[in-house]
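This report refers to the structure that appears directly beneath it.
Only heavy atoms go into these numbers, but all of them, side chains included; no hydrogens, no water, no symmetry mates. Here the structure is a predicted model, which is why all the values come from computation and not from measurement.
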Amino acid sequence: MTDLRRLQDLPGIDDLELKALMKPRLADPDQRHDHPEVDAATLAGFGITQDQAEEAELPSDWPSELMNLHRRSPAELVEAFAAHGWDVTDRKRKPLRVLPLMALPLALALRGVAGSLPFVAEPDHKETDWGSNLAAEAARFRKR
């Protein structure tokens, strides 16, 4: 299985999760207009605000597991995003408190409908020993 990208690693999400731990109302989607840090986190992580995400028109080929994200339970959201290569849980494997707020912007950015995902460089590859094999082959060739 491939490694999943972690939502919590995106800019601003971990800080917002900590604030939601201290003030649970922060993670309430109905209270998001009272907390400008929610829009700041979605803007930093996905390049769109919550209002822009809600206004985006979904394409006709939108996956069924990403439909009606606001009505899905956190466990269903975890499964849906895991199927698309994203880990939306915390370090204790529980769904993030801010997941209901981040689900739509993440889904839109993931599918390329609105916003974008931050660039992540590919992991460094181990050095191979092809150079030493090449040197050994050259030495054998010279002996012939």
- Query: How about T89 and L7: do any of their side-chain heavy atoms sit closer than 4.5 Å?
  - Reply: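 No; the side chains remain at least 4.5 Å from each other.
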- Item | R5 vs L10 side-chain heavy atoms within contact, under 4.5 Å |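 With C-beta onward as the side chain, the pair touches.
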- For H84, enumerate each residue passing the side chain to side chain contact (heavy atoms under 4.5 Å, CB included) test, keeping only those at least two apart in sequence or located in another chain.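 With neighbours one apart ignored, the set is P63, E65, L66, L110, R111.
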- Item | Under the side chain to side chain contact (heavy atoms under 4.5 Å, CB included) test, residues paired with E54 that sit two or more places apart |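 If we apply the side chain to side chain contact (heavy atoms under 4.5 Å, CB included) test to E54, skipping adjacent residues, the hits are R32, D51, L104.
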Looking at every heavy atom in both [X] and [Y], which two are closest together, and how far apart are they?
X: L77; Y: V88; result: O-CG2, 4.2 Å
X: L99; Y: P95; result: CD2-CB, 4.2 Å
X: I48; Y: A53; result: CD1-CB, 3.8 Å
X: P105; Y: T42; result: CG-CG2, 4.0 Å
X: Q31; Y: H35; result: O-CD2, 3.1 Å
X: A103; Y: F81; result: O-CZ, 3.4 Å

- Item | Verify same cluster id: F46, V113 (apolar side-chain graph, 4.5 Å) |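 As far as the 4.5 Å side-chain criterion goes, V113 and F46 are connected within one cluster.
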Could you list the donor-acceptor pairs under 3.5 angstrom formed between side-chain atoms of residues 12-21 and any protein atom two or more places apart in sequence or on another chain?
from	atom 1	to	atom 2	distance (Å)
D14	OD1	Q8	NE2	2.7
E17	OE1	R97	N	3.0
E17	OE1	V98	N	3.2
E17	OE2	R97	N	2.9
E17	OE2	R97	NH1	3.4

- Item | Salt-bridge present (D28, K23; N to O < 4.0 Å) |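 Not counted as a salt bridge, because no side-chain N and carboxylate O are separated by less than 4.0 Å.
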- Query: For the atom pair CG (L26) and CG (L101), what is the distance rounded to the nearest 0.5 Å?
  - Reply: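 The distance works out to 7.0 Å.
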- State the CG-CZ distance between L96 and R91, to the nearest 0.5 angstrom.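 Output value for this atom pair is 9.5 Å.
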- Message: Using only atom types and a distance under 3.5 Å, with no angle test, would you say the side chain of D39 pairs donor to acceptor with the backbone of Q50?
- Response: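 Side chain of D39 to backbone of Q50, a donor-acceptor pair under 3.5 Å: yes, one is there.
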